[in-house]
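The structure displayed is predicted, hence computed values, not measured ones.
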Amino acid sequence: MAFLVSDFLAPPAQYERSLRIAARRHDLVPVAVTDPLEEEIPKVGLLEVEDPEKCEVVVFDTSGPEAKVFATSKPRGSRGA
């Protein structure tokens, strides 16, 4: 028996083949870990965050409309899909 501990946020296509191979020899038990901060940003006001793709710093208002859009969008791998 093997326990697979993950947030399962990556698209399933990235790990499905590996899991099928492992499941041939082991009973796999998935354990999903979550972080409430990935689902809702606490309202703490203005935050300076760095966009790693653009290498620029932006100010993000956790109380503003951008935070509401973030809260209603699905996480990277859309865990529930």
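Closest approach of Leu28 to Ala22, counting heavy atoms only: CD1-CB, 4.2 Å. Considering all non-hydrogen atoms of both residues, Phe60 and Val49 come closest at CB-CG2, 4.2 Å. Considering every non-hydrogen atom in both Ser63 and Gly45, the closest pair reads OG-N, 4.1 Å. Taking every heavy atom of both residues into account, Leu4 and Leu19 meet most closely at CD2-CD2, 3.4 Å. The two residues Tyr15 and Ala10 have their closest heavy-atom pair at CE2-O, 3.4 Å.
Between the CG atom of Asp35 and the CG atom of Asp7 there is a distance of 9.5 Å, given to the nearest 0.5 Å. In this structure, CD in Glu16 is found 11.0 Å from CD1 in Ile21, a value given to the nearest 0.5 Å. Atom-to-atom distance recorded for Glu50:CD and Glu56:CD is 9.5 Å, nearest 0.5 angstrom.
Annotation for Val59: hydrophobic cluster partners, listed by chain and number, are Leu46 (ILVMFWY side-chain heavy atoms under 4.5 Å, direct or chained).
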